[in-house]
Amino acid sequence: MGKPRVVYWFRTDLRLHDSLALKAALDLDPAVLWPIFTWDPHYVYRVKGGVNRFQFLLDCQKDLSESIQKLNTKSKLFVLREAPQTLFPKLFKAWNVTHLVFERDTDAYAKERDKTVIALAEKAGVKVITRSGRTLWDSDEVVAKNGGKPTMSTTQLQSAGRKVGQIPRPIPAPTYLPDPGDMPVKFTQDKPATEPDLNAPHRGGNDETYANIAGPNGDFAIATLQELGFSAAEATTPHRGGETLALRRLEEIFSDEEYAATFQKPKTSPAAFEPQSTTLMSPFLHFGALSPRLFYWRAQDLVEKYGKKASTPPESLTGQLLFRDMYFAAQAAIGAPFIQTLNNAYCRFIPWHLPSKIEATDMGDIAVSGQYHVDSPQAEKWFLRWKAGVTGFPFVDALMRQLRAEGWIHHLGRHMVACFLTRGGCYVHWERGADVFEEWLIDHEPACNAGNWQWLSCTAFYSQYYRCYSPVAFGQKWDKKGEFIRRWVPELKNLDEKYIYEPWKASIGALDKAGVKIEGDGLGTKRDGVYPGPMFDFGERRNVCMTAMKRAYSIGLHGNDDKVKDGTWKELFEKAGETEMEGLEGGSDDDADHKKERSIGTGKHARSRSTATKEGPMDKFAKKLKT
DNA sequence: TTTGTGGTTGTTCAC
DNA sequence: TGTGAACAACCACAA
């Protein structure tokens with residue numbers, strides 16, 4: 001028996017430091033080691049992601065590749081363009097591989113994929129070695145110690161975590177890497193189905209991701225944005241990726257001991273933008289350019305040294321990492337339904353507007369990403385205005401515009417816009433908001449995104465729906481003068497601070513002086529010096545939503561209840577006299593356009609109501625179940 | 001079992 | 001310009 005010939009498969013662990021899986025690979029004392037990355041079509045076509053996040057991913061790959069080359073000039077990150085499920089059997093044979101090593105992934109799709117790959121490896125006589133590493137503790141172990149149940153609070157996570165054991169201390173990056181072996185790719189490349197391509201709207205050019213298995217020059221190079229069909233000029237984020245940058249920033253954070261040791265998340269400002277008030281480490285954690293355990297122990301060691309004045313979880317830096325682990329472990333227990341309401345026993349059913357379309361698949365009944373029923377034209381318009389950052393509420397609009405441009409907004413800013421879209425304004429389904437965040441966030445982490453949207457919409461994790469963020473007061477608390485709004489909503493940059501959060505209250509004189517007109521709905525062609533009026537009376541909507549939430553809570557359905565699946569939930573809500581719900585246009589509206597719509601169309605209104613009663617989305621789903 | 005307390009991150013008003 | 005109470009009332013957790 002010769003020495004092992006090892007493929008190390010980099011996935012969401014794009015780093016060399018603190019990699020238990022990479023250490024396991026090197027411990028084999030390999031004759032050859034190929035560090036590879038495979039472009040998974042699932043990520044390229046089925047996970048929404050704009051150019052900003054792909055740029056961050058490529059940054060991480062480039063940096064990792066350079067670091068590998070520094071350890072061994074013959075090596076680098078070898079990028080292969082084919083689905084792992086079809087690639088590996090061919091690779092095992094062609095490269096005479098003995099071992100496949102990787103860090104375990106955690107979401108439902110990745111677990112399925114890995115199961116397939118492991119089975120294929122076994123069939124090919126290739127030994128598979130995996131290690132946990134994305135989280136502080138292995139999420140499956142946390143779940144086991146939590147009685148097989150999802151961790152729904154940080155207390156649960158912490159007590160289960162204690163039973164798993166101490167969070168491992170980070171290990172250093174390797175100091176050597178073996179040579180890669182030969183890399184023949186004379187086999188046929190299996191090209192993936194590119195449809196549906198959820199990212200097509202972001203691709204300005206031709207998508208050449210899978211044109212050649214080893215890249216355009218056959219040298220396994222890191223892909224460019226152009227090859228992925230993006231134009232480099234389109235990237236609008238200032239936030240760049242890579243392990244080197246992550247480690248440098250970590251040093252900067254901890255060089256200010258007072259900041260790091262006394263960090264209290266609820267006291268950091270969502271309106272701070274230069275610099276921002278939090279660490280901005282989330283995208284590095286997402287792509288694995290930073291180890292969560294390194295971050296944790298840097299913070300924990302400092303806190304112990306700092307003494308009594310240090311902050312504590314859940315508000316402290318370590319607390320933030322605990323929340324992340326909580327969501328991962330909740331996802332590990334609940335599985336695929338964690339990112340949706342349907343079939344999720346832990347997620348309350350609330351008949352929000354714009355519910356997801358449902359598809360029955362082998363993996364269970366899933367919400368189709370991005371596709372939804374327009375049960376209410378009014379809610380649809382509110383949703384579009386929210387997404388476009390033209391709600392007429394400047395603080396909300398500033399946040400949404402920063403999100404789209406930079407792929408990142410402060411955590412409390414996410415609270416603000418999420419509450420506004422769901423239980424505190426539009427009464428639109430949280431899955432719509434989660435879709436938008438998936439598309440735009442460079443730190444999009446499915447577990448954290450779904451978990452936080454459930455939290456903010458009060459469907460799981462959190463239930464104090466009467467605590468509602470005001471688009472006026474909340475921002476003012478942090479940024480009295482509205483500097484943040486002036487930065488992101490330049491139409492209003494000269495407006496007196498008295499009106500910056502509610503420009504509709506400004507006199508014509510004040511507006512003229514600031515050079516801005518309040519009119520229209522903000523959709524369609526942008527006009528200079530024009531900003532839309534507020535899309536509804538917030539106070540009224542707040543009351544409508546809160547009353548509706550109270551009713552939905554008292555009815556008490558969850559995502560796995562039969563009544564939710566067969567459509568009979570509607571009878572319960574009708575009996576309770578609910579009008580603010582899916583299929584019904586409830587609530588009031590100060591939007592001039594809509595008033596017109598309504599005054600012309602009582603008939604139209606009634607029609608949409610009867611259509612919805614006849615067949616709502618869930619009814620359709622019920623039919624599917626019966627057939 | 002019941003009951004009380006606390007919960008990372010609300011708002012508004014009174015003083 | 002800061003603190004405390006009322007608002008209306010959720011769930012988790014501990015005793």
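Computed from a predicted model, the values in this text were never measured in an experiment. In what follows, chains are A, B, ... by sequence order, proteins preceding strands, each numbered from 1.
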- Pair assignment for DNA chain C - dot-bracket with | for other-strand partners, Watson-Crick or G-U under 3.5 Å: .||||||..||||||

- Item | Ionic contact status for A/E257 with A/K305, cut-off 4.0 Å | yes

- Would the A/F295 and A/F284 ring centres measure less than 6.0 Å apart? no

- Message: Work out how far the C1' atom of B/dT1 is from that of C/dA15, and round it to whole angstrom.
- Response: 11 Å

- Item | Donor + acceptor pair across side chains of A/Y327, A/E445 (<3.5 Å) | no

- Query: Using atom P of each nucleotide, how far apart are C/dG4 and B/dG6 to the nearest Å?
  - Reply: 15 Å

- Round to a whole Å and report the spacing from CZ of A/R542 to C1' of C/dA8. 10 Å

- Message: Which residues in residues 456-470 of chain A have a heavy atom closer than 4.0 Å to any atom of DNA chain C?
- Response: A/S463, A/Q464, A/Y466

- Whole-Å P distance, C/dA5 and C/dT1: 23 Å

- Task: Measure from CG on A/N543 to P on C/dA9 and round the result to the nearest Å.
- Result: 11 Å

- Message: Just so I know, are the side chains of A/L403 and A/W408 near enough to count as touching, which here means a heavy-atom distance under 4.5 Å?
- Response: no

- Residue set satisfying side chain to side chain contact (heavy atoms under 4.5 Å, CB included) with A/R298, at least two apart, ordered chain then number -> A/L250, A/E251, A/F254, A/L294

- Please report, rounded to the nearest Å, how far the P atom of C/dA8 is from the CE atom of A/M549. 17 Å

- So does A/R134 pair up with A/D105, basic N to acidic O under 4.0 Å? yes

- Item | Note: A/E103-A/R15 ion pair, threshold 4.0 Å (strictly below) | yes

- Query: Within the structure, does a side-chain N or O atom of A/K550 lie under 4.0 Å from either OP1 or OP2 of C/dA9?
  - Reply: yes

- Message: Between the side chains of A/D13 and A/R104, is the shortest nitrogen-to-carboxylate-oxygen separation below 4.0 Å, so that they form an ion pair?
- Response: no

- So, with a heavy-atom separation below 4.0 Å from DNA chain C, the residues of residues 402-436 of chain A are none

- Message: Work out how far the C1' atom of C/dA6 is from that of B/dT8, and round it to whole angstrom.
- Response: 23 Å

- When rounded to whole Å, the NZ to C1' distance for the pair A/K480 and C/dT1 reads 10 Å

- Would you classify A/W478 as touching base, sugar-phosphate or nothing, given that sugar-phosphate means primed atoms plus P, OP1 and OP2, and contacts are heavy atoms under 4.0 Å? nothing

- Is the ring centre of A/W569 less than 6.0 Å from the ring centre of A/F349? yes

- Message: For the P atoms, the ones on B/dT9 and on C/dC13, what distance do you get once it is rounded to whole angstrom?
- Response: 16 Å

- Item | Pair A/Q276-A/H410, side-chain donor/acceptor within less than 3.5 Å | no

- Query: Under the 6.0 Å and 45° cation-pi test, does A/R169 pair with A/W297?
  - Reply: yes

- Nucleotides bounding contact with chain A, strand DNA chain B, heavy-atom threshold 4.0 Å: B/dG7 to B/dT12

- Message: Quick one: does any side-chain atom of A/R348 pair with a main-chain N or O of A/L557 as donor and acceptor, under 3.5 Å?
- Response: no

- Message: Going by side-chain hydrogen bond (donor to acceptor under 3.5 Å, both in side chains), name the residues that satisfy it together with A/K265, two or more places apart in sequence or in a different chain.
- Response: A/Q320

- Note on the structure: Applying side-chain hydrogen bond (donor to acceptor under 3.5 Å, both in side chains) to A/Y469 and not counting sequence neighbours gives A/H415

Which protein N or O atoms sit under 3.5 Å from an N or O of nucleotides 13-15 of chain C?
from, atom 1, to, atom 2, distance (Å)
C/dC13, OP1, A/S153, OG, 3.0
C/dC13, OP1, A/Q156, NE2, 3.0
C/dC13, OP2, A/Q156, NE2, 3.2

- Partner set under salt bridge (charged side-chain N to carboxylate O under 4.0 Å, His left out) for A/K387, not counting sequence neighbours: A/E439

- Task: Could you check A/R551, A/R541, A/R423 and say which one makes a salt bridge (Lys or Arg N to Asp or Glu O under 4.0 Å) with A/E580?
- Result: A/R541

Tell me which donor-acceptor pairs under 3.5 Å the side chains of residues 156-164 of chain A have, and how far apart each pair is, sequence neighbours excluded?
from, atom 1, to, atom 2, distance (Å)
A/Q156, OE1, A/M152, N, 2.8
A/S159, OG, A/T155, O, 3.3
A/S159, OG, A/Q156, O, 3.3

- Message: Once you apply a heavy-atom cut-off of 4.0 Å, does A/F474 come out as touching a base, just sugar-phosphate, or nothing?
- Response: sugar-phosphate

- Just jot down the side-chain hydrogen bond (donor to acceptor under 3.5 Å, both in side chains) partners of A/T318, sequence neighbours excluded, or say none. A/S316

- Message: Please list, in numerical order, the residues of residues 258-277 of chain A that have a heavy atom closer than 4.0 Å to any atom of DNA chain C.
- Response: none

- Query: So, for A/F393 and A/F536, is the gap between ring centers shorter than 6.0 Å?
  - Reply: yes

